[in-house]
Amino acid sequence: MYTMIEIKDLTLEFDGHKLYDRFGMSIRKGEKVTLAGESGTGKTTFIHLLLGFVPFEKGEIQIMGQPLHADNIEQIRSSTAYVPQELHLPMTTAGELFYMPFSFRQNRARHPGKKAIQKIFDALGLSTALLGKNLDEVSGGQKQRIAIASALLLEKPLLILDEPTSSLDSRSIERLANLVFNQEKRTVLSTSHNPLWAKHADRTYNLDDHGANA
Amino acid sequence: MEQTLDISYLNLFLGYLLLAVPVIIFYHFKTGLIRDSLIAVGRMTLQLFVVGLYLELLFEYNNAWINALWWIIMVLIAAFTIVRRAYLSLRFFLIPLIISLIISLALIDAYFLGIIIRLDEFFDARYFIPISGILLGNCLKTNILGLNTFYQKLNQEKIRYRYYLANGASRSEALRPFMREALKTAFNPLIASITVIGLISLPGMMTGQILGGSSPEVAIKYQIMLMLTIFVATLLSVVITITLANRFVFDGFGNMKKQVLKKNLMG
């Protein structure tokens, strides 16, 4: 299997206007693709489509060779790790945020050891001492990177990051890009219009040129 | 047992004269509450007299079938009221609520009346009607709070729910935090009232029993049992309703259907 995501003839109307009209796209296994485009071009909606959160009228989406369908959505989602742009969870500490995805039955066996956590935190320029801090003492950028560290340690074949650079300075973006885009076996789909991030990707897909408005 | 002293209608009218106090105060501060207060008192009077009339009938006949029919009608009214007050769709919630109220109320009524009090006549109006009524009234309050919190939060905090699902949570795992929050919101007030019962106010049923001639000792035992059964019946009804309704309110992808909440509240 060489294709991770295959989209054919996708048509989607959202809030009364056509967001995608007969849209097609293919992402290979292991490929690192960034979606770019102005606000309102549907970058986040695109991610929600792939995860089965937005219904579409016409077309076909396949993930890892399986059609996106209610019957296999749990199986598809069991292969994804996802970090949204803004995450507000009712938790007290950064540690709770970090460990939360490992509490799901399916991820329990993936619970990371101290060394793995240390390694990934070092690569992201974060201190593991952050895990003991209250979430209100942690900045938006740190919170986002903690969630990304957790998503990386889940070791899922498909990593989806929505605007991972939105709260980061250029040094942190470089660090994060080096870590995320060097995950050899993993397919990474991200949205960002930051050129620093995009230059590390194998391919940048501009939704301005491919959506219904093109 | 000593009879409670009756209140003559003339004396009851004297009671209504107390309303002059709020009318004068509300008028003085131009609160605009006079009309609402008078309507509220008017409604209360009418409703209680109607309830009084049919309770008189229920007690006079004291027939198991009529009492059971009253129970069913009350369950239907409660289910309908909960759906409307929690701003949910009748289509998805009416049946789950009716089923859950019947199950929880029947179980707890059977436990209280059949096992604890050991009534010879299970449907005896004197016990069956007031105890079921109090249980149902409390189920109404907690279900409105619980259901409203669960489904409104799920709608407002889609990002959180989707984050759980997209990182491998099963649907029940992704819904568990919302259930936790709904139960906290619905049961914190009840737990608080159990904590201070008797300290801040004498509970209504206990007061009623004492006025009706029971000894405080008997009244206390009934009140304890009542609080325990309210706690369990309301908890069962909230959990059963959400569990049953969740079979219908999601599409195959785990997304909450748009018609679940009343339109004006959809985010």
Side-chain angles (χ1 to χ4, degrees), chain A residues 44-45 47-56 61 63 68-91 96-110 144 147-148 150-162 189, chain B residues 89 92 145-188 242-243 245-261 263-267:
Chain A
T44 299
T45 306
I47 282 174
H48 287 166
L49 258 172
L50 297 181
L51 289 167
F53 297 135
V54 176
F56 54 96
I61 298 177
I63 295 176
L68 188 70
H69 192 271
D71 293 339
N72 48 28
I73 190 65
E74 273 210 33
Q75 206 184 335
I76 289 173
R77 286 179 189 152
S78 71
S79 309
T80 61
Y82 162 64
V83 182
Q85 183 178 359
E86 277 184 43
L87 193 55
H88 299 289
L89 299 176
M91 287 162 177
E96 287 174 66
L97 168 71
F98 175 80
Y99 287 110
M100 201 275 301
F102 302 99
S103 68
F104 303 139
R105 198 169 50 244
Q106 200 215 89
N107 301 332
R108 274 179 209 153
R110 299 169 195 266
Q144 204 171 18
I148 293 173
S150 181
L152 282 165
L153 289 167
L154 284 173
E155 296 188 330
K156 302 289 179 84
L158 177 58
L159 176 65
I160 299 176
L161 305 174
D162 194 4
L189 177 66
Chain B
S89 143
F92 292 104
L145 272 176
L147 298 186
N148 190 274
T149 307
F150 185 86
Y151 293 101
Q152 298 295 349
K153 277 216 173 215
L154 203 50
N155 181 50
Q156 287 156 4
E157 299 181 28
K158 281 191 203 93
I159 297 177
R160 173 149 78 102
Y161 174 61
R162 288 170 173 176
Y163 174 69
Y164 298 147
L165 286 179
N167 284 297
S170 65
R171 194 182 306 171
S172 66
E173 283 176 315
L175 290 173
R176 201 165 297 150
F178 294 92
M179 181 66 118
R180 186 161 48 230
E181 284 153 41
L183 291 179
K184 275 186 180 174
T185 309
F187 286 91
N188 266 334
I242 293 178
T243 310
N246 282 352
R247 299 178 73 88
F248 309 106
V249 302
F250 295 101
D251 65 15
F253 292 90
N255 304 309
M256 190 162 80
K257 292 176 187 166
K258 276 190 177 157
Q259 310 91 312
V260 168
L261 302 180
K263 269 180 190 160
N264 59 340
L265 286 157
M266 285 297 292

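Just so we're on the same page: letters track the sequence lines, and every chain starts at 1.
Interface remark: A:H69 contributes backbone atoms only to the contact with chain B (heavy atom separation under 4.5 Å). For B:N167, the parts lying near chain A are the backbone and the side chain together; criterion is any non-hydrogen pair under 4.5 Å. With a 4.5 Å cut-off on non-hydrogen atoms, A:L68 touches chain B through its backbone and its side chain both.
A tilted orientation is assigned to the rings of B:Y163 and A:Y82, their planes being inclined by 30° to 60°.
Summarising the local packing, CG of A:L89 is surrounded by more than 12 heavy atoms from other residues, nucleotides or ligands at distances under 6.0 Å. Other residues, nucleotides and ligands place more than 12 heavy atoms under 6.0 Å from the CZ atom of A:R108.
The CG atom of A:L50 sits 10.0 Å away from atom OG1 of A:T80, with the distance rounded to the nearest 0.5 Å. Here B:L165 contributes atom CG and B:N255 contributes atom CG; the two are 8.0 Å apart, rounded to the nearest 0.5 Å.
At distances below 3.5 Å, at least one donor-acceptor pair connects side-chain atoms of B:N188 with backbone N or O atoms of B:K184.
Between chain B and the options A:P101, A:P84, A:S150, A:A147, heavy-atom pairs under 4.5 Å are most frequent for A:P84. For chain B, the option among A:M100, A:E86, A:Q85 with the highest count of heavy-atom pairs below 4.5 Å is A:M100. With chain A as the partner, the residue from B:E173, B:R171, B:E181 showing the most heavy-atom pairs under 4.5 Å is B:E173. Of all the listed residues (A:L154, A:L87, A:N107), the one sharing the greatest number of non-hydrogen pairs under 4.5 Å with chain B is A:L87. Comparing A:S78, A:S103, A:A81, A:A151 by how many heavy-atom pairs each has under 4.5 Å with chain B, the most go to A:A81. For the set A:P55, A:S79, A:P90, the count of heavy-atom pairs under 4.5 angstrom toward chain B peaks at A:P90.
Of the residues listed (B:N246, B:L154, B:D251), the one engaging B:M256 in a side chain to side chain contact (heavy atoms under 4.5 Å, CB included) is B:L154, and it is the only one.
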